There are 2 protein chains.
Amino acid sequence: MDVEAAFKLLEGRWKLVILFHLFGGQVRRFSDLERLIPGITQKMLAQQLRRLEEDGIVTRTVYHQVPPKVDYRLTDWGQALCPAMDAILKCAERREDFPSAASSARA
Amino acid sequence: MDVEAAFKLLEGRWKLVILFHLFGGQVRRFSDLERLIPGITQKMLAQQLRRLEEDGIVTRTVYHQVPPKVDYRLTDWGQALCPAMDAILKCAERREDFPSAASSARA
DNA sequence: CAGCATCCGAGAAGATACTG
DNA sequence: CAGTATCTTCTCGGATGCTG
């Protein structure tokens, strides 16, 4: 897998945020994620989850009940992304250590 | 800085790829990057570089010469992103360790 | 509850041509 | 060399309504 392909997996406005809420083996229902990610629409949530599923990053489990229940969790491969996410978050926190950078936020 | 804001800095098709070619203190000219990133247009390269500059991630240095020369390098804050990038690449390489994932690549 | 279908607008990205 | 300008195309994301 080349650099571009790797980055492509994480592209889009919501993917990383969704993954963030699935880390550490957390299992989330559709409605959980909807609540945890303010501003996301059902459409985008469903769409991105499908894409993550196709990319082998999350597992989708359907329980045939009434009312329906579906939950999502990371695959083993998805879990492997954790260190990467951690690193991104860590260095985001450190931004304040660089005054020149902190002052130049875009609108 | 919250999670979303952090991820927003890395959004877009080209940003991560550009950063990738500036890691380890590498200094690149516009034409270098153009060559290193097949498929990118001058427009997108210039646009993304400007954005990275505004976000305080890269530094743009103009040499008033003929022919003109401009080079780009990471700021201190930009360097701080390295571990995150590394982690992403590392775990991309490890994808083959997870057969179920490797078999489900999207078109 | 967990979605899919449809329509819409905005912004991203691409092609091409031109300039200091 | 290192861009800008313009135009077109495409994809993303949002709004709304419907279904098993």
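Just so it is clear, the structure is predicted and the values come from calculations on it, not from any experiment.
- Annotation: the terminal axes of the helix from C/dC1-D/dG20 to C/dG20-D/dC1 meet at 50°, where each axis is the rotation carrying the C1' atoms of four end pairs onto the next four (5 pairs per end, rounded to 10°).
- For B/Leu33 and D/dA2, the CG to P distance is 10 Å, given to the nearest whole Å.
- Comparing D/dA2, C/dA2, D/dC1 by their closest approach to the side chain of B/Pro67 singles out D/dC1.
- Each of A/Asp55, A/Thr59, A/Val58 was checked for a side-chain contact (heavy atoms from CB on, under 4.5 Å) with A/Thr75, and the lone residue meeting it is A/Thr59.
- Contact check on B/Asp97 versus B/Arg94 returns a salt bridge, with a Lys/Arg side-chain nitrogen under 4.0 Å from an Asp/Glu carboxylate oxygen.
- A donor-acceptor contact closer than 3.5 angstrom is absent between the side chains of A/Tyr72 and A/Asp32.
- Linking Ile, Leu, Val, Met, Phe, Trp and Tyr whenever their side-chain heavy atoms come within less than 4.5 Å puts B/Leu33 and B/Val62 in one cluster.
- A close approach under 4.0 Å does occur between a side-chain nitrogen or oxygen of A/Arg50 and OP1 or OP2 of C/dC4.
- Residues B/Gln26 and B/Arg73 are not in side-chain contact: their nearest non-hydrogen atoms beyond the backbone lie 4.5 Å or more apart.
- Distance, A/Phe30 CZ to D/dT19 P: 18 Å, rounded to whole Å.
- By the 4.5 Å heavy-atom criterion applied to side chains, A/Leu89 and A/Phe20 are counted as neighbours.
- Distance NE2 (A/His64) to P (C/dA2): 14 Å, rounded to an integer number of Å.
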| message | Treating primed atoms plus P, OP1 and OP2 as sugar-phosphate and everything else as base, which nucleotides of nucleotides 13-20 of chain C get B, S or - for protein heavy atoms under 4.0 Å? | response | BBB----B
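- Side-chain heavy atoms closer than 4.5 Å link hydrophobic residues (I, L, V, M, F, W, Y) into clusters, and following such links, possibly through other members, connects A/Phe23 to A/Leu16.
- Atom-to-atom, CZ of B/Arg35 to P of D/dC1 comes out at 11 Å; the value is rounded to the nearest Å.
- Atom P of nucleotide D/dG3 and atom CG of B/Leu49 are separated by 8 Å, given to the nearest angstrom.
- Proximity of A/His21 to A/Ile37: side-chain heavy atoms (C-beta onward) are separated by under 4.5 Å at one or more points.
- Screening A/Leu10, A/Ile57, A/Leu52, A/Leu9 for a side-chain contact (heavy atoms from CB on, under 4.5 Å) involving A/Lys15 leaves a single residue, A/Leu52.
- Distance CD (A/Glu34) to C1' (C/dA2): 9 Å, rounded to an integer number of Å.
- Between the CZ atom of A/Arg28 and the P atom of C/dA2 there is a distance of 13 Å, given to the nearest Å.
- A/Tyr72 comes within 4.0 angstrom of the backbone, heavy atoms only, and of no base.
- In this structure, A/Lys8 atom NZ and C/dA12 atom C1' are separated by 13 Å, rounded to whole Å.
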